[in-house]
Colleague: 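Could you have a look at this structure, given as structure tokens, before my questions?
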Amino acid sequence: MADRLGSPRTQGLILALGGGGVRGFAHLGALRAIREAGLPIAGVAGSSAGAYAAANLAAELPLEVEPLMSHVIDRKLADLFMASGNRLLRMARMQSRLFKALRRTAIDDARRLREGLLELYGTARIEELAIPLAINAADLNTGEVIVLHEGPLVDAVMASSAIPGVFPPVAWGGRLLVDGDVAEKVPVTAARTLGPGPVVGVDVSNPFRRHRPANSFEVMLMASEASIQRLKRLALMRADYVLSLVPEHPVDTFDYSQASALYAFGYETTRSHLPQLEALLAPKRRGLFAWLQGVTGQRKKKGQHS
């Protein structure tokens with residue numbers, strides 16, 4: 001385990017990929033830019049949408065919009081939360097789902113999601129992946145950050161993305177786990193468990209905007225969002241560098257029509273940050289260079305005295 005958690009063979013950036021629904025496709029673009037630049041990655045932590053991107057990287061799957069779009073997106077479920085199509089029909093479907101949810105723990109049973117993840121990851125386990133991975137989830141009862149380093153990858157990703165009320169909690173080791181964003185929006189805590197390398201917090205939140213609520217429902221939503229924003233700020237304060245992939249305009253969590261544009265945005269934005277990301281590794285590289293110079297110098301001195 002020592003090798004996986006930051007031995008000299010795994011020195012590099014440690015990425016903490018935050019949640020954000022469809023905005024998580026920006027993570028994939030960012031990972032592609034980092035990989036193309038040849039920057040070493042010592043480990044990756046993911047929360048909610050970030051868990052999918054982190055899992056794809058660790059499992060050495062394509063860092064593209066596909067295959068995630070075809071395997072894990074339930075368009076019928078997404079349509080429930082989007083204001084498109086026949087409004088009355090949409091409301092009727094939403095009500096039907098909500099009435100059913102009163103007898104269950106979630107609107108959706110996550111069966112379609114599990115099938116898609118099994119097609120993607122099969123029986124892969126977190127501890128067996130090519131790149132050290134930590135999955136961030138939250139204990140539904142205590143609100144604790146739960147960091148998963150071992151176990152079935154499919155179950156871990158489902159736990160990390162189990163949006164409360166939308167997907168059912170995932171039973172894990174005597175706990176009920178839900179969306180990692182509940183405890184920590186950007187999984188810096190999980191990233192810190194992967195080794196001593198510099199932690200890059202990758203934020204794919206919507207842009208913050210101040211406004212006055214129009215009704216009680218908006219007050220509840222704003223209170224929840226305020227709590228999430230505070231948790232995000234606290235997490236990012238503990239990162240060594242913040243890579244902001246916050247779009248200029250808000251993007252709805254379930255607006256999958258924006259996936260390709262967000263991917264391109266993540267790629268181009270990360271390319272502009274490559275000098276700063278490379279600088280995070282420079283001290284270690286200079287240290288290694290100095291060590292090599294010292295060894296070479298000692299060998300030369302021995303050769304002169306012999």
Colleague: Examine Tyr52 and Ile163 and state if one hydrophobic cluster contains both, with Ile, Leu, Val, Met, Phe, Trp and Tyr joined whenever side-chain heavy atoms are less than 4.5 Å apart.
Modeller: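 Both belong to a single hydrophobic cluster.
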Colleague: Looking at Glu248, I want to see if its CD is surrounded by more than 12 non-hydrogen atoms of other residues, nucleotides or ligands under 6.0 Å.
Modeller: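 No.
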Colleague: Does Leu231 belong to the same Ile/Leu/Val/Met/Phe/Trp/Tyr cluster as Val199, with side-chain heavy atoms less than 4.5 Å apart forming each link?
Modeller: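 They do not share one cluster, since no chain of ILVMFWY contacts under 4.5 Å joins Leu231 to Val199.
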Colleague: Could you tell me if the side chain of Leu277 sits less than 4.5 Å from the side chain of Thr270, heavy atoms only?
Modeller: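 Of all side-chain heavy-atom pairs linking Leu277 with Thr270, at least one is under 4.5 Å.
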Colleague: Identify the heavy atoms of Leu274 and Ala33 that sit nearest to each other, and give their distance.
Modeller: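 Scanning both residues completely, I find the closest heavy atoms to be CD2-O, 4.2 Å.
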Colleague: For His149 and Leu194, run side chain to side chain contact (heavy atoms under 4.5 Å, CB included): C-alpha distance rounded to whole Å, both residues' side-chain angles, the deciding distance at 0.1 Å, then the answer.
Modeller: CA-CA 9 Å; His149 292 110; Leu194 292 172; 4.2 Å; yes
Colleague: Which pair of heavy atoms, one from Val44 and one from Ala54, lies closest together, and at what distance?
Modeller: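 Looks like CG2-CB, 3.6 Å.
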Colleague: Between Ala16 and Pro187, what is the shortest heavy-atom contact and its length?
Modeller: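 Smallest interatomic distance, heavy atoms only, reads CB-O, 3.6 Å.
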Colleague: Between Val145 and Val157, is there shared hydrophobic-cluster membership here, with clusters defined by ILVMFWY side-chain heavy atoms closer than 4.5 Å?
Modeller: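 Shared cluster, no.
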Colleague: Does Leu148 reach the side chain of Leu177, with side-chain heavy atoms less than 4.5 Å apart?
Modeller: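 SC-SC contact between Leu148 and Leu177 confirmed.
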Colleague: Check this for me, if you would: do Glu115 and Arg111 make a salt bridge, where the nitrogen-to-carboxylate-oxygen distance has to be below 4.0 angstrom?
Modeller: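 Salt bridge between Glu115 and Arg111, a charged N being under 4.0 Å from a carboxylate O: no.
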Colleague: Measuring from Leu28:CG to Tyr267:OH, what's the distance to the nearest 0.5 Å?
Modeller: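 Taking CG in Leu28 and OH in Tyr267, the distance rounds to 13.5 Å.
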Colleague: Could you check whether any side-chain N or O of Tyr263 sits under 3.5 Å from a backbone N or O of Leu63, counting only pairs where one atom can act as donor and the other as acceptor?
Modeller: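 Yes; judged by distance alone, with no hydrogens or angles, the pair exists.
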Colleague: Any side-chain heavy atom of Phe208 sitting closer than 4.5 Å to one from Val246?
Modeller: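 No. Closest side-chain heavy atoms not under 4.5 Å.
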Colleague: Under a 3.5 Å distance rule, please check whether Arg23 uses its side chain to pair with a backbone N or O of Val204 as donor and acceptor.
Modeller: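 Side chain of Arg23 to backbone of Val204: a pair is present.
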Colleague: Output the distance between atom CZ (Arg175) and atom OG1 (Thr142), rounded to the nearest 0.5 Å.
Modeller: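 Result: 5.5 Å between the selected atoms.
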Colleague: Around Arg125, counting heavy atoms of other residues, nucleotides and ligands shown, do more than 12 lie under 6.0 Å from its CZ?
Modeller: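 Result for CZ/Arg125: enclosed.
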Colleague: So do Phe25 and Met69 actually touch side chain to side chain, heavy atoms under 4.5 Å?
Modeller: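 Sidechains of Phe25 and Met69: in contact.
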Colleague: Within the distance-only criterion (no hydrogens, no angle test), does the side chain of His273 pair as donor or acceptor with the backbone N or O of Val242 below 3.5 angstrom?
Modeller: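 No; zero donor-acceptor contacts below 3.5 Å.
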Colleague: Kindly give the heavy-atom pair with the smallest separation between Ala134 and Val147, and that separation in Å.
Modeller: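 Reported closest heavy-atom pair: CB-CG1, 3.8 Å.
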Colleague: Could you check Lys232 against Leu236 for side chain to side chain contact (heavy atoms under 4.5 Å, CB included), going step by step and ending with a plain yes or no?
Modeller: CA-CA 6 Å; Lys232 183 186 77 171; Leu236 291 177; 3.9 Å; yes
Colleague: Nearest 0.5 Å, what's the CE-CD1 distance between Met158 and Ile135?
Modeller: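 Met158 atom CE to Ile135 atom CD1 measures 13.0 Å (nearest 0.5 Å).
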Colleague: I need the Thr189 OG1 to Leu234 CG distance, nearest 0.5 Å.
Modeller: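 It is 10.0 Å, given to the nearest 0.5 Å.
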Colleague: Answer whether the closest heavy-atom distance between the side chains of Leu133 and Leu153 falls below 4.5 Å.
Modeller: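 Yes - at least one pair of side-chain heavy atoms lies under 4.5 Å apart.
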Colleague: Can you tell me if Thr269 uses its side chain to pair, donor with acceptor, with the backbone of Gly266 under 3.5 Å?
Modeller: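 Answer holds: no.
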Colleague: Might you work through the salt bridge (charged side-chain N to carboxylate O under 4.0 Å, His left out) test for Arg233 and Asp203, ending with a clear yes or no?
Modeller: CA-CA 10 Å; Arg233 290 193 298 271; Asp203 180 18; over 6 Å; no
Colleague: For the residue pair Ala30 and Leu243, what are the closest heavy atoms and their distance?
Modeller: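 Scanning both residues, the minimum pair turns out to be CB-CD2, 4.5 Å.
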Colleague: Using only atom types and a distance under 3.5 Å, with no angle test, would you say the side chain of Asn136 pairs donor to acceptor with the backbone of Gly180?
Modeller: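 Checking the backbone N and O of Gly180 against the side chain of Asn136, a donor-acceptor pair under 3.5 Å is found.
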Colleague: As an exercise, state the distance from CG of Leu15 to CG of Leu39, rounded to the nearest 0.5 Å.
Modeller: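 With rounding to 0.5 Å, CG (Leu15) is 9.5 Å from CG (Leu39).
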Colleague: When you group the ILVMFWY residues by side-chain heavy-atom contacts below 4.5 Å and let the links chain together, are Ile228 and Phe167 in the same group?
Modeller: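 As far as the 4.5 Å side-chain criterion goes, Ile228 and Phe167 are not connected within one cluster.
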Colleague: Less than 4.5 Å apart, any side-chain heavy atom of Pro198 and any of Leu13?
Modeller: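 Contact flag for Pro198/Leu13 side chains = yes.
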Colleague: Find out whether Leu31 and Arg35 are in side-chain contact, i.e. whether some heavy atom of one side chain is under 4.5 Å from a heavy atom of the other.
Modeller: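 A side-chain contact is absent here, since even the closest heavy-atom pair is not under 4.5 Å.
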Colleague: Is there a side-chain contact between Val202 and Leu245, using heavy atoms and a 4.5 Å cut-off?
Modeller: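 Touching, per the 4.5 Å side-chain cut-off.
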Colleague: Honestly curious: do Val178 and Leu176 fall in one hydrophobic cluster under the side-chain, below-4.5 Å linking rule?
Modeller: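 The answer is yes; both residues are in one hydrophobic cluster.
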Colleague: If you measure from CG on Leu117 to CG on Asp155, what distance do you get to the nearest 0.5 Å?
Modeller: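 With rounding to 0.5 Å, CG (Leu117) is 9.5 Å from CG (Asp155).
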Colleague: I'd like to know if the side chain of Arg192 reaches the main chain of Arg238, judged simply by a donor and an acceptor atom lying under 3.5 Å from each other, with no hydrogens or angles considered.
Modeller: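 Yes; at least one donor-acceptor contact below 3.5 Å.
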Colleague: Specify the closest pair of heavy atoms between Ala55 and Tyr121, including all atoms of both residues, with the distance to one decimal.
Modeller: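 Closest approach of Ala55 to Tyr121: CB-OH, 3.5 Å.
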Colleague: Let me see the working for Val65 and Leu262 under side chain to side chain contact (heavy atoms under 4.5 Å, CB included), right down to the final yes or no.
Modeller: CA-CA 10 Å; Val65 174; Leu262 289 161; over 6 Å; no
Colleague: Has Ser160 got a side-chain atom pairing as donor or acceptor with Asp179's backbone, closer than 3.5 angstrom?
Modeller: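 Checked: no pair found.
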